[in-house]
2 protein chains.
Amino acid sequence: MSQRKVISLDDLRVACRNCSLTSLCLPMGLAPEDIERLDEIVKRNRPLHRGDFLFREGDRFRSLFVVKTGSVKTFAPSPEGGEQVLGFHLPGEVIGLDAIDKDAHACSAKVLETSAICEIPFARLEELTMSIPSLQHQMYRLLSKEIGQDTELLLLLGKKNAEERLAAFLLSLSKRLHKRGLSATDFYLSMSRHEIGNYLGLAVETVSRLFTRFQDDGLMRVDRKHIQIIDQDALEALVGGIGQHRRQQQQS
Amino acid sequence: MSQRKVISLDDLRVACRNCSLTSLCLPMGLAPEDIERLDEIVKRNRPLHRGDFLFREGDRFRSLFVVKTGSVKTFAPSPEGGEQVLGFHLPGEVIGLDAIDKDAHACSAKVLETSAICEIPFARLEELTMSIPSLQHQMYRLLSKEIGQDTELLLLLGKKNAEERLAAFLLSLSKRLHKRGLSATDFYLSMSRHEIGNYLGLAVETVSRLFTRFQDDGLMRVDRKHIQIIDQDALEALVGGIGQHRRQQQQS
DNA sequence: CGAACGGTTGATACGGCTCAAGTCTGGTGG
DNA sequence: CCACCAGACTTGAGCCGTATCAACCGTTCG
């Protein structure tokens, strides 16, 4: 991944004293005193519970949030009362980057289960990046990465069928959990089928049927929120689009 | 838009000596000498022609590109030979932000028509942002804005039907052109129906039928690539989702 | 002139949404 | 501790939107 020959992500995750900072100081050669300075501006709030809001759409933007443990969903309430789930955020992931532009949150963030969340006042972080080049670069990377992830999801929604979407979703969860040292093959979903469907652009019933099918096909075991992935390769194959999708391929 | 009481976007567009810089120096109070410094690192290449590449997937990331005139599409080639169109970029828009993270381009960028494109070496820009706080802030905003835009598109692909997608696409083009001083109601499409369909996750035939329908309904006049918007309000209404969509609304 | 390509239009098939029952689980109160 | 209820999930049947297949038209270009 990292082209510039620096410390690997995993090395640095350990080096970071506060796990909530890993996302920010991952792949850069931050001097210990710089890590110290970064560490000082981070607020460690008391644990939040299911249903608590980190922020709501329209709130003034003050801080970025980093999930330490637990999970958070971000969503855009739509005028008609519904909502569009924009993402699920697992430990180590940063929330709120989309609010910098307008200086206000464009979406809401709600805690899915009891979670520890760190808060990083953006104004102070921005000051800090002015004097620590590698931290500034890391911020650019963080923002850029978010764009790349959105792009992937975009591809998912534009081109993949229901099966491929759910498979991709599960693999994404699996990989992200694994990156944080949790099991990649045995985990609990903190979101409802409804939320999964909303996120993937599918009806609840479709999601439910697919879980059943995946289990019947021996790809995984599903017991309510408990997921055990049995055949990861088969899942990857589903996503990769081995199966014939729709058309939608052509050039200029 | 701009919460912080600074010069408006439009004021500054004029102030910028080089129109290609507008995206970067839009809403900040850049001192004249800073604009000068920014201006100095911008390369003005000779015009590119239809089919030329700005960069290809996998290329090492060196520069951001800003469209001065013309248009560019970005797309991700898929292993099977097809491609996913990720975006169309009009004058004033910045290309390449998603490449910062991995220091390599994750997509390709191809010129759709004869275009003038400026190149900004990122390493030099990054140096510059270290010494100009408002430029740094503007970079954060630019990246953040890109995230917000992706999110919008994501919503489009996840929740909207064909009609709403095409309407949203046309309105988006219209507004972006208008922002650059071009006509919002009379313009030429530089991309093919195929590319539009690919971008919106629709089959070419569907796009074609919708253009016909929109014209029959008196929303616009369509003559090949020439689009004249007649009833913008009706288009807005289509997008807003006045019509009943699918379900996909619920909470946690 | 003919071939290639982009675009339009029609007929048909099918994936996934919708509607409609159920089933299971967890929480609450008697 | 059980009865009850509400909400999450599952399962089935049918329908609708859009992809797909196919034919055709107009334009461009060699």
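Heavy-atom basis, side chains included; hydrogens, waters and symmetry copies ignored. Just so we're on the same page: letters track the sequence lines, and every chain starts at 1.
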Integer-rounded Å distance: [N] [atom2] and [X] [atom1]:
X         : N       : atom1 : atom2 : result
Lys160(A) : dG16(C) : NZ    : C1'   : 18 Å
Leu210(A) : dC9(D)  : CG    : P     : 15 Å
His226(B) : dG6(C)  : NE2   : P     : 21 Å
Leu157(A) : dG16(C) : CG    : C1'   : 15 Å
Glu163(A) : dG15(C) : CD    : P     : 10 Å
Arg50(A)  : dA8(D)  : CZ    : C1'   : 11 Å
Leu202(A) : dT18(C) : CG    : P     : 11 Å
Arg213(B) : dT18(D) : CZ    : C1'   : 11 Å

Looking at [options], which one has an atom nearest to any side-chain atom of [X]?
X         : options                   : result
Asn161(A) : dA13(D), dG15(C), dT10(D) : dG15(C)
Ala162(A) : dG16(C), dA22(D), dT18(C) : dG16(C)
Ser192(B) : dG10(C), dG6(C), dT11(D)  : dG6(C)

Mark yes or no for a side-chain to base donor-acceptor pair under 3.5 Å between Arg209(B) and dG10(C), with no hydrogen or angle criteria applied.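 Side chain to base: pair found, below 3.5 Å.
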Check: dC21(D) base within 3.5 Å donor-acceptor of Glu205(B) side chain: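 Such a pair exists between side chain and base.
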For residues His105(A) and Asp98(A), is any side-chain donor paired with an opposing acceptor at under 3.5 Å?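 On atom types as modelled, these side chains do not qualify, holding no pair under 3.5 Å.
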If we count only N and O atoms by modelled type, under 3.5 Å, do the side chains of Ser71(A) and Glu113(A) hold a donor and an acceptor together?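 Per modelled atom types, Ser71(A) and Glu113(A) side chains form a pair under 3.5 Å.
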Distance test, side-chain N/O of [X] to OP1/OP2 of [N], below 4.0 Å:
X         : N       : value
Thr206(B) : dA19(D) : yes
Thr212(B) : dT9(C)  : yes
Lys225(B) : dG7(C)  : yes
Arg193(B) : dT8(C)  : yes

The test is ring-ring contact (aromatic ring centres under 6.0 Å, His included); show your working for Phe61(A) and Phe55(A) and say whether it passes. CA-CA 9 Å; Phe61(A) 170 62; Phe55(A) 50 80; 8.4 Å; no
Any Leu200(B) side-chain heavy atom under 4.5 Å of Leu166(B) side chain: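 SC-SC contact between Leu200(B) and Leu166(B) confirmed.
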Which residue, Arg224(A) or Val207(A), contacts DNA chain C at a nucleotide closer to its 5' end, judged by nearest heavy atom?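 The answer here is Val207(A).
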Arg165(B) side-chain N/O to Leu157(B) backbone N/O, donor-acceptor pair under 3.5 Å: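 Yes, Arg165(B) side chain to Leu157(B) backbone: donor-acceptor pair under 3.5 Å.
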